[in-house]
Amino acid sequence: IGFVTQDDVLFPHLTVKETLTYAALLRLPLTLTKQQKEKRALDVIYELGLDRCQDTMIGGSFVRGVSGGERKRVCIGNEIIINPSLLFLDEPTSGLDSTTALRTVQTLQDIAEAGKTVLTTIHQPSSRLFHKFDKLIVLGKGSLLYFGKASEATDYFSSIGCSPLIAMNPAEFLLDLANGNLNDISVPPELEDRVQMENSETETRNGKPPPQVVHEYLVEAYELRFSENENKLMDPFPLDEEPKLKVLSSKRQWGASWWQQYCILFIRGIKERRHDYFSWLRITQVLSTAIILGLLWWQSDSTTSRGRQDQAGLLFFIAVFWGFFPVFTAIFTFPQERAMLSKERAADMYRLSAYFLARTTSDLPLDLILPVLFILVVYFMAGLRLSAGPFFLSMLTVFLCIVAAQGLGLAIGATLMDLKRATTLASVTVMTFMLAGGFFVERVPVFISWIRYLSFNYHTYKLLLKVQYQDMVPPLKGIQTDNGSREVGALVAMIFGYRLLAYLSLRRMKLHS
């Protein structure tokens, strides 16, 4: 079974070909080779007439991409790629113009003629669209008003006394009936008699019966006309003639191994998010901050006590900046991808563990490029210790801080799944970490001082000071002359601890839904 949702849930920066290829690699059975899966994706592209735009990005609100009709066909392709015998669609023509809607329905008709059953809800179809349907179900308030051939629907309602008085679209005629609206529609004699027998107050101003009475009449008429056929269908099987149905195993059949899922999702993640990471806005933000810091601390002097105090202020800002920045970037990760995650998990495309690990590790190569540029600019402009050891240790410390801060952002985002609440909680948490670290108040009360040990800002700042001033005499005030293993251990524990919390939150969300 395939199901196409009303909203187009797609990655905007992937091309049509990449979208369908990744779907094929993840959803098609393990018995097929990678080449066979890729060929199946190409076959679907040509089957749906997407060959002209196969190398075009899907696009979104702020990204130019394919048209609305092509985007809808990509969504259909995502489902028919597994060759389902039954395809459900929820209003596939909503938001499309009449020509594009007709082309989309023509595509569905071609799929049906190929031997598949296509069942769709439709939103105000044109007469040309209506005549393409084979069978039709008309529902009113959850009750069945008609089920049969679409071409015979108008004749059926005419036979019970409801005929259009003017030439009108069959779909509009049926929608009016389903809503109990008999304007420009003849009133059956039985219905007129019923209204006259009841209180005259139930009759509306224009002499038409109220919608509730129309609805009851249509439901009764259908039940009376087709009760015999329905009874035959609803008869229980005799005990000695039970249907020979086998219950299918509920065990999930993955289309790829765990490692293959991880690799596919890792590559997909890098391709989707590289545009965001290398946007001019983000690069300008980081480099401009680095240049301003370099100018403010231009060739600072580390030989004097006052010069070291100035440099300590710079190191404090670096620890705070690369604590704030990754947290508020990582918060958006899971809330923004919630719709895609729910859709793909519902289709059993991959394991949650493979997705989580791929999603968090695919960010690392991209997340660590800008900090390298930042450190290169600030380190040499500010005149910090010019030797290989302190330089690379400082960079490693910043990397640990970034990965730990990302973990906190991922955990908050995955737990709340709401951007406003997550941003509020993150700002309060990071501010608390910074204030409780003893940077602004030397004598922090005992009942709140323990928070500093959960703060990546605190451990990062201490490590940066040790890297810069550990071998200098006299050492900077408050710096212990150890190798910093305690701080490194704390940051590593945060890296894994926060991510474990994020994973458990995602797992809980899946079980809850």
Side-chain angles (χ1 to χ4, degrees), residues 1-5 7 9-14 18-30 37 75 78-79 81-82 248-273 326-327 329-367 403-419 421-422 425-426 493-513:
I1 295 176
F3 176 55
V4 180
T5 57
D7 299 321
V9 184
L10 299 166
F11 285 115
H13 291 106
L14 295 182
E18 288 171 344
T19 300
L20 293 177
T21 300
Y22 290 136
L25 292 174
L26 289 169
R27 299 192 68 181
L28 291 176
L30 274 167
K37 292 182 179 182
C75 292
N78 261 332
E79 298 302 321
I81 206 157
I82 59 171
L248 296 176
S249 171
S250 60
K251 186 179 180 182
R252 291 174 176 174
Q253 299 294 327
W254 304 108
S257 65
W258 189 95
W259 177 249
Q260 289 172 333
Q261 290 175 3
Y262 170 79
C263 293
I264 294 167
L265 294 170
F266 182 88
I267 296 170
R268 188 180 77 172
I270 288 181
K271 286 187 176 181
E272 167 59 24
R273 289 182 293 281
V327 167
T329 303
I331 276 176
F332 294 87
T333 300
F334 295 122
Q336 283 184 338
E337 290 191 8
R338 182 177 187 173
M340 180 65 76
L341 177 62
S342 300
K343 172 192 165 187
E344 293 182 337
R345 287 280 291 154
D348 284 340
M349 287 180 67
Y350 45 71
R351 296 169 177 85
L352 183 61
S353 56
Y355 164 80
F356 181 81
L357 202 60
R359 184 65 182 84
T360 52
T361 54
S362 64
D363 286 341
L364 291 180
L366 300 171
D367 277 335
V403 181
Q406 272 185 341
L408 177 63
L410 293 172
I412 293 175
T415 303
L416 298 180
M417 279 295 180
D418 179 81
L419 289 179
R421 290 190 296 163
L425 179 60
M494 290 179 199
I495 289 172
F496 291 102
Y498 286 139
R499 280 168 170 75
L500 178 61
L501 177 61
Y503 176 75
L504 294 176
S505 298
L506 287 181
R507 178 67 67 184
R508 178 189 57 80
M509 182 194 78
K510 175 64 178 175
L511 293 174
H512 176 69
S513 63

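Side chains are part of it too, since the values below use all heavy atoms of this structure and drop only hydrogens, waters and symmetry mates. Given the structure is predicted, the values throughout are model-derived calculations rather than measurements.
- Thr360 and Tyr503 share no side-chain donor-acceptor pair at under 3.5 Å.
- Among Arg273, Glu18, Glu272, Lys271, the single residue meeting the side-chain hydrogen bond (donor to acceptor under 3.5 Å, both in side chains) criterion with His13 is Glu272.
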Q) Should Arg338 and Asp418 be marked as a side chain to side chain contact (heavy atoms under 4.5 Å, CB included) after you check the CA-CA gap, both sets of side-chain angles, and the distance that decides it? A) CA-CA 10 Å; Arg338 182 177 187 173; Asp418 179 81; over 6 Å; no
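- Looking at heavy atoms from C-beta onward, Thr5 lies out of side-chain contact with Glu79 at the 4.5 angstrom threshold.
- Heavy-atom contacts from other residues, nucleotides or ligands closer than 6.0 Å to CG of Leu419 number more than 12.
- A heavy-atom distance below 4.5 Å is found between the side chains of Glu337 and Phe11.
- One distance of note links CG of Leu410 with CG of Asp363; it measures 7.5 Å at 0.5 Å rounding.
- Checked for salt-bridge contact, Arg27 and Glu344 miss the test: no charged N lies under 4.0 Å from a carboxylate O.
- Going from atom CG of Leu265 over to atom CG of Leu26 covers 5.5 Å, rounded to the nearest 0.5 Å.
- The two residues Leu30 and Gln260 have their closest heavy-atom pair at CD2-OE1, 3.7 Å.
- At least one side-chain heavy atom of Cys75 sits under 4.5 Å from a side-chain heavy atom of Leu10.
- Atoms CG and CD1, from Leu20 and Ile81 in turn, are 5.0 Å apart once rounded to the nearest 0.5 Å.
- Contact between Val327 and Ala405 at its shortest, heavy atoms only, is CG2-O, 3.3 Å.
- Here the CG-CZ distance, from Leu408 to Arg499, works out to 10.5 Å after rounding to the nearest 0.5 Å.
- By the 4.5 Å heavy-atom criterion applied to side chains, Leu357 and Arg351 are not counted as neighbours.
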Q | Residue pair Met349, Trp254: steps toward the side chain to side chain contact (heavy atoms under 4.5 Å, CB included) verdict | A | CA-CA 7 Å; Met349 287 180 67; Trp254 304 108; over 6 Å; no
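- What you find for Val9 and Lys343 is that their closest heavy atoms are O-NZ, 3.2 Å.
- For the pair Arg345 and Tyr350, the tightest heavy-atom approach, listed with the atom from each and the gap, is NH1-O, 3.1 Å.
- Between Leu352 and Leu341, the closest heavy-atom pair is CD1-CD1, 4.3 Å.
- Considering all non-hydrogen atoms of both residues, Ile412 and Ala422 come closest at CG2-O, 3.6 Å.
- Checked by atom type and distance alone, the side chain of Lys37 never pairs as donor or acceptor with a backbone atom of Ala24 at under 3.5 Å.
- Between Arg507 atom CZ and Phe356 atom CZ the span is 11.0 Å, to the nearest 0.5 Å.
- Looking at Thr21, Thr19, Leu14, Leu25 one by one, the single match for side chain to side chain contact (heavy atoms under 4.5 Å, CB included) with Arg268 turns out to be Leu14.
- To the nearest 0.5 Å, the span separating OG on Ser257 from CD1 on Ile264 amounts to 8.0 Å.
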